[in-house]
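Keep in mind the model is a prediction, meaning the values are calculated, not measured. Just so you know, residue 1 is the first one in the sequence shown, and it goes up from there.
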Amino acid sequence: MSSSAPPILPISTAQSAESQPPVATPVFRSFISHLNDSLRNGLSQRRPWAELVDRTAFSKPESFSEAALRVRKNYSYFRVNYLSVIGLILAFSLLSHPFSLLLLLGLVCSWIFLYLFRPADQPLVVFGRTFSDRETLGILIIFSVFVVFLTTVGSLLISALMVGFGLVCAHGAFRVPEDLFLDEQEPAATGFLSFLGGAASNVAAAAAPAVATRV
């Protein structure tokens, strides 16, 4: 009489899954999702462009104080439109200088993929040389300084921002805001980058887990 040993059933363990390095894809998707939501929320507050370019509402201010008051009121009402105009001027300036655009995209992608969303337990290896997080951060900072201050990227961005801010201030000074329905509950002291600051805070919350692992 022959006795056969019971078959051995395969048992799956969680060790193989735990040994795999964490993937930064969910963090990157959360980053894109937060950025997309912030942009959609901001664009939903855009005013009609017909009100922005209404020629019957333009007149010369009588004094500098009146012009400053007009700028504040018009900015409170046309905030998203003004930021869109500045963004379009920046985009046009970068598109008209492809080399500067490629340098800026390379800088942004370097920070995103080499530091922010790179798994913490996977060191950067280039040509067989392993770089620590501190060395990677130092190289990225040096690269940023080189791109912004030693190439045409910095001067291009500054000149585009100056043109955009000058155009916005000129429109706000000559646009009569009496026909605008302003929300009195909005804070009076708001900067030109308040909307971008809110979007940046939401995006930073998505990237915080990836950065916290490196501190």
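- Considering Leu114, Val108, Ile112 as possible partners of Ser110, the one that fulfils the side-chain contact (heavy atoms from CB on, under 4.5 Å) test is Leu114.
- Here NZ of Lys73 is found 6.5 Å from CD of Glu178. Values are rounded to the nearest 0.5 Å.
- Atoms CD1 and CE, on Ile89 and Met162 in that order, are 12.5 Å from each other to the nearest 0.5 Å.
- With hydrogens and angles disregarded, a donor-acceptor distance shorter than 3.5 Å links the side chain of Arg47 to the backbone of Tyr77.
- Atom-to-atom distance recorded for Leu95:CG and Ser100:OG is 11.5 Å, nearest 0.5 angstrom.
- Between the side chain of His171 and the main chain of Leu52, a donor-acceptor pair closer than 3.5 Å is present.
- By the 30° and 60° cut-offs, the orientation of the rings of Tyr75 relative to Tyr82 is parallel.
- To the nearest 0.5 angstrom, Phe131 atom CZ is 11.0 Å from Leu140 atom CG.
- Residue Ile158 is not grouped with residue Phe99 when hydrophobic side chains (ILVMFWY) are merged at heavy-atom distances under 4.5 angstrom, including chains of intermediate members.
- Exactly one residue among Val53, Asn74, Val71 makes a side-chain contact (heavy atoms from CB on, under 4.5 Å) with Arg175. That residue is Asn74.
- Note that CH2 of Trp49 and CG of Asn81 are 4.5 Å apart. Values are rounded to the nearest 0.5 Å.
- Note: Cys109 SG to Leu104 CG = 9.5 Å, rounded to the nearest 0.5 Å.
- In this structure, Ile141 is a member of the same hydrophobic cluster as Leu107, with clusters built from ILVMFWY side-chain heavy atoms closer than 4.5 Å.
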